[in-house]
Amino acid sequence: MLETTESAPVAVVDSHCHIDMPQFDADRDAVVERARQAGVEAMLLVGGVDAEHGHRRALRVAEQLGFPASAGVHPHEARLASEAVYDELKGLAGDRRIVAIGEIGLDFHYDHSPRPAQRQAFRRQLRLAREVGLPVIVHTRDADAETAALLEEEGAADTGGVIHCFTGGHELARRALALGFFVSFSGIVAFPRAELIQEVARTVPLDRLLVETDAPFLAPPPHRGKRNEPAFVVDVARKVAAVRGMAVEAVGAAARANFERLFPSPR
Ligand SMILES: [Zn+2]
Ligand SMILES: [Zn+2]
């Protein structure tokens, strides 16, 4: 291990990861230990990302590790959404470990599901979140205006939530903040040609800012091309701190406090 100030722990949280995925089956405990060593005090295991019933796997692993989880139908999987799946989500929402509905939203970059199916699943789950009284975790890519419009139309200000892995522009940030939402930055903020995202990261109010890895995806520099893991959220916090001209410790502390406000620990 390198003994440099760069590796000193920074108290922070990973507001969005998928360490329930098979990519972590061989060394999940070591991944969590590395995260703790790096200063990561909490993480949220976000469900539904790669399978019809991915939220069950997220919940199971979250239980084993003692972290909170979320459940929802990802826009990529919107074509698989059915009444049975919504009923299942509603049931899961009663589990004390489930702290949010998500990730839900619109992805017009990949279009893995037809757009009408994405819109319908998004609306339906925004309504479900209001019904069960949980915040939402929103995934949006190349769909800024429509995402903001659907959040506004469906009264998402009532539940609150977060725009995760923010890749949008100022207008999406402005409309999300107006609804009381948080904005979460991933390793993309440190990628080349991320000037607009960095500009948003610089201007989002400190009490609405979150950081995440979205592991195993999107490893930040200097880990690009590798499997991402929650310990690397410190590098995301470092980049956000740099663009804001702040100490990384202050960004970490704000993210921890915001995480606790948005996703209160199970009582
Ligand atoms: Zn996502
Ligand atoms: Zn994700």
Side-chain angles (χ1 to χ4, degrees), residues 13-24 28 31 35 40 42-59 61-62 67-81 89 98-113 115 117-119 121-122 125-126 129 134-144 146-148 150-151 156 161-168 172-173 176 181-189 191 194 197 200 210-220 227-230 232-233 236 255 259 262-263:
V13 289
D14 185 352
S15 77
H16 187 119
C17 69
H18 302 285
I19 60 166
D20 57 300
M21 289 180 77
Q23 285 91 328
F24 296 99
R28 189 169 290 112
V31 165
V40 180
M43 58 182 91
L44 176 64
L45 273 69
V46 174
V49 74
D50 73 337
E52 211 168 341
H53 298 292
H55 38 261
R56 290 213 170 273
R57 185 185 57 200
L59 182 57
V61 175
F67 294 122
S70 71
V73 180
H74 193 285
H76 289 345
E77 313 287 344
R79 67 188 185 285
L80 301 173
L89 288 177
I98 296 288
V99 298
I101 297 297
E103 51 189 297
I104 63 176
L106 303 173
D107 193 316
F108 295 168
H109 181 76
Y110 287 108
D111 281 324
H112 286 331
S113 280
R115 291 182 185 186
Q118 291 191 41
R119 291 183 185 105
F122 188 26
Q125 293 179 97
L126 287 170
L134 287 177
V136 292
I137 299 166
V138 175
H139 170 113
T140 175
R141 189 96 191 267
D142 293 354
D144 279 22
E146 206 170 328
T147 297
L150 284 181
L151 289 173
V162 56
I163 309 290
H164 107 88
C165 189
F166 191 85
T167 56
L172 174 62
F181 271 54
F182 293 78
V183 179
S184 183
F185 297 93
S186 70
I188 291 182
V189 74
F191 287 6
I197 299 166
V200 176
L210 285 168
V211 286
E212 64 174 80
T213 58
D214 208 9
F217 314 109
L218 302 170
R227 178 190 69 174
N228 199 0
E229 61 176 70
F232 300 164
V233 77
V236 178
F259 184 83
L262 181 58
F263 308 122

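For ligands, and for the atoms within them, numbers begin at 1 and follow the listed sequence. On a predicted model such as this, the values are computed, not experimentally measured, just so you know.
The residue from V99, L262, V162 that alone fulfils the side chain to side chain contact (heavy atoms under 4.5 Å, CB included) condition with I137 is V162. If you run side chain to side chain contact (heavy atoms under 4.5 Å, CB included) between Q118 and each of D107, V73, I104, only D107 comes through.
Remark: side-chain polar atoms of D144 are not paired, donor with acceptor, to backbone N or O of G168 under 3.5 angstrom.
For the side-chain hydrogen bond (donor to acceptor under 3.5 Å, both in side chains) test, no residue two or more places apart in sequence or in another chain qualifies with S70.
Shortest distance from the Zn ion (ligand 2) to D214 is reached at OD1 (N/O/S atoms only).
Distance check for C165 against the Zn ion (ligand 1): none of its N/O/S atoms falls below 2.8 Å. Backbone or side-chain N, O or S atoms of H16 reach the Zn ion (ligand 2) at under 2.8 Å. The Zn ion (ligand 2) has an N, O or S atom of H18 under 2.8 Å away, backbone or side chain.
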task = Show the numbers, then the answer: is there a side chain to side chain contact (heavy atoms under 4.5 Å, CB included) between F181 and V136?
result = CA-CA 9 Å; F181 271 54; V136 292; 3.6 Å; yes
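Rounding to the nearest 10°, we obtain 100° for the angle at the Zn ion (ligand 1) between H139 ND1 and E103 OE1.
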